[in-house]
Protein chains: 2
Amino acid sequence: MEIGASLDKLFAPLADATLMQAVLIQLFIVFLLARIFAELFIKLGMLSQVGEILAGVLIANLAIGGFTLASGLGIEWHPTDPSVFHEVFEVIANLGVIFLLFSVGMQTRICELRSVGRTSFTVAAFGVLIPFILGFGLIMGFDIFIAKDPNWLVHALFMAAAMVATCIGMTARVLTEMGMLDTIESRIIIGAAVVDDILTMIVLAVVVSVAASQRAGTGMDLLGMATSIILAVLFVAAILLLCSHGVPRLSEMQRCRLTREGIVCREREWPWGFEPFPLAVITCLGLSAVAFVLGLASIIGAFLAGMLFAEFAYEKLESKFKGINAFLVPLFFVYVGMRVELSGFGGMVLLTVCVIALAVLGKYVAGYLGVVLTDRSLGSREANIVGIGMSPRGEVGITVAYIGLTAAAITQEMYTVVVFMSIMTALLAPPWMARAFRSKYGEGGPSS
Amino acid sequence: MEIGASLDKLFAPLADATLMQAVLIQLFIVFLLARIFAELFIKLGMLSQVGEILAGVLIANLAIGGFTLASGLGIEWHPTDPSVFHEVFEVIANLGVIFLLFSVGMQTRICELRSVGRTSFTVAAFGVLIPFILGFGLIMGFDIFIAKDPNWLVHALFMAAAMVATCIGMTARVLTEMGMLDTIESRIIIGAAVVDDILTMIVLAVVVSVAASQRAGTGMDLLGMATSIILAVLFVAAILLLCSHGVPRLSEMQRCRLTREGIVCREREWPWGFEPFPLAVITCLGLSAVAFVLGLASIIGAFLAGMLFAEFAYEKLESKFKGINAFLVPLFFVYVGMRVELSGFGGMVLLTVCVIALAVLGKYVAGYLGVVLTDRSLGSREANIVGIGMSPRGEVGITVAYIGLTAAAITQEMYTVVVFMSIMTALLAPPWMARAFRSKYGEGGPSS
């Protein structure tokens, strides 16, 4: 308690600082810790994001005599009485996830979807459906029989949606490092991950609509729910149509090829006389706001805005967003970790294990079935690799859970479960996949 | 009044939105307007920043039946009762100025200072001294004899400091477009502008220290003032020493040349195994926080942090900061414009004219004297060109005034005067300089 009190005193001058001065000190300390953990995890061969999330967990949960770094910096989260310091930090972190999803969208090109085969589509569709059903069933059972929580419908919907999104980043890196990008399995996995992102956005739109209708009405407002679901699907469909028919016609059609660097599309010239970057920022903010007005999650708008610019995502535009993301996205991941509450999590270990098991199993079965049902030339070895490759979850799943948490659609404990599930699947899948690839192709890659 | 009330109603849903949703809508509308004005001003051959500032002036001052866009968006500034919406917007805009000054610092290389000749040094030193004395005298006289304001010392110090900084951006662009970068006058102007930036930071450090001592004590606390001035100068000197002796030794020495693109230094490899960008962000935030703890303006820390990385400011690092700046800096300029109050400004027109006249005269005399006193090979025609080239003020002067306003060290009216002075000198100087160059070299540039 002594140390905690003196640590508290050390940070006391912050309370007298102006808001901007406090923000500078907060951002400095948080960004510094995030980077130290990120570098540490990179050195260990893991994702930097996992390090950033863990930095956030420690900032908010590592208590020395009642003192946490989050409380010292004034960015501790109080459910009933948020401080301005916390709110400003939250907004900056949330801008990070907006730009993150814009960048994810910018890597999702309609032309890629066209080049994706029937197998990838099936893998992606099963990969959304099966984990969703498994997750929904698990949480429904948990809420009804164990937690006895009347909000089981919204909980189960959000948790199921958070279990849906495949994280392609880690998989693609492993494939590239092993020189396995030219294999049929890689084509299927990468194609399915692209479709997966879009399907996840539609699922999220539907889930947010249902949760909002639930919260607003006293009972189930079926007409209102149907309206908002239709609105959501129409919004997504309109943007997809604009992507596939409007934007490409602005100049010539696009051709994409799968290369060692992933799917590569020919760079296209920006057809107008003004800078593309400000227009991209305006579109990102604007569609996020529209999504909010339509009752959707704002990240859906950001993702769709990114897709609109995917056709023009040449070096110059991408490098500028890389700059923004390199500053803002680590702050989002730290914030994701800060919202994890370790105290009282002990009782949830069993649920976490179940969620991880069903998340991996769901994607594995989806990948396996998708391959063997659509392509007779592929056998169980190929289906096995695809199943493993689809299993890591990443930032999109965490984002869905974070949206659920801030909308009070899932509980604090369930949020923590999803964060751990994402971290664990991202850590487990790569070595598992490497072994599966090696057992088929040997050490030297597909050519040997 | 009718239209104002219905406009108010249009924005009413914002009040019910969560903070993040409101921020998205605010940023979207503000960024959109800023960009439209910026494109308009670029088309007219002027600086985009001027357009962004004017967008801000309109957002806060264009009232339709009592409704301003700033009030509709909840980002109106209330001196006594700031809303969370406003505070969040202010923090984001202020992060913009931190990164802006980092980038200014990143373009200020110690090796450039070494290559700057005696003439540039003299021009820069006079260019700080003469406008400072003229500005100080003008505001002292205005406050004592006309406004009868007892705070004349702090007012005069800040206003004089805001009149000191030359804006090289516009000048360099004009020189490049005319193909005049190889002339002796261009070398002197660009060299002087680099020295000018550093001298301005020292002046600002001293002024902020004096203002703080004034505010804290009941009278003049000479010992406290001296302490903080010494602290400020030591901080700046320590970083400069580190720049000139510490950083270059990390790899080999740097060579710079003046080319058509300005002063160009050989690119240097980043010597460590980790990414330079996160370290640059951490240093920027950290030194800004240190500057605040030392009682200096935080932008001084950001500027000095930029200087530390100037030696490594190769393409990759610079392009990432360009991305952050392209998002945040327009928001800062809009905010600068939003803090301008047009109502009640009528009485200050004469003072504005005087400030503009003295600002131009001061820099002109400094440039002229600096040339004729140090280089006997140059005549009055060359001195005339240098004098004109030194006269535009820009973002640094505005930033100094903005710091003065937020610290209540200058009045609302004086802040508006500085913003208009910066805009007017930036608009007037380029065509004037083009004529002076043409009258010496003719249409074709120095080679003809």
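Labels below follow one simple rule: chain letters A, B, ... track the order of the sequence lines, proteins then strands, and each chain is numbered from 1.
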Taking every heavy-atom pair that is under 4.5 Å apart, which of B:Val84, B:Thr18, B:Asn94, B:Ile29 has the most such pairs with chain A?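 Among the listed options, the one with the most contacts to chain A is B:Asn94.
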Among the listed options B:Leu328, B:Val281, B:Asn325, the residue most often paired with chain A at heavy-atom distances under 4.5 Å: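 Result: the option with the highest number of such pairs is B:Val281.
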In this structure, is the centre-to-centre distance between the rings of B:Phe99 and A:Phe327 below 6.0 Å? yes
How long is the span from the NZ atom in A:Lys320 to the NZ atom in B:Lys322, to the nearest 0.5 Å?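 Here the rounded value is 7.0 Å.
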Can you tell me how far CE of B:Met20 sits from OG of A:Ser288, rounded to the nearest 0.5 angstrom? 8.0 Å
Heavy-atom pairs under 4.5 Å with chain B - which of A:Ile282, A:Ile324, A:Thr406 has more of them than the others? A:Ile282
At a heavy-atom separation under 4.5 Å, does [X] approach chain A through its side chain, its backbone, both, or neither?
X        : value
B:Ile98  : side chain
B:Val23  : side chain
B:Leu95  : both
B:Phe277 : side chain

Show the numbers, then the answer: is there a side chain to side chain contact (heavy atoms under 4.5 Å, CB included) between A:Phe292 and B:Ile25? CA-CA 9 Å; A:Phe292 148 62; B:Ile25 294 176; 3.5 Å; yes
Considering non-hydrogen atoms only, spot the tightest contact between B:Leu24 and A:Leu285 and give its length. CD2-CD2, 3.9 Å
Go through the atoms of A:Ile42 and report whether side chain, backbone, both or neither lie under 4.5 Å from a heavy atom of chain B.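 Neither part, no heavy atoms under 4.5 Å.
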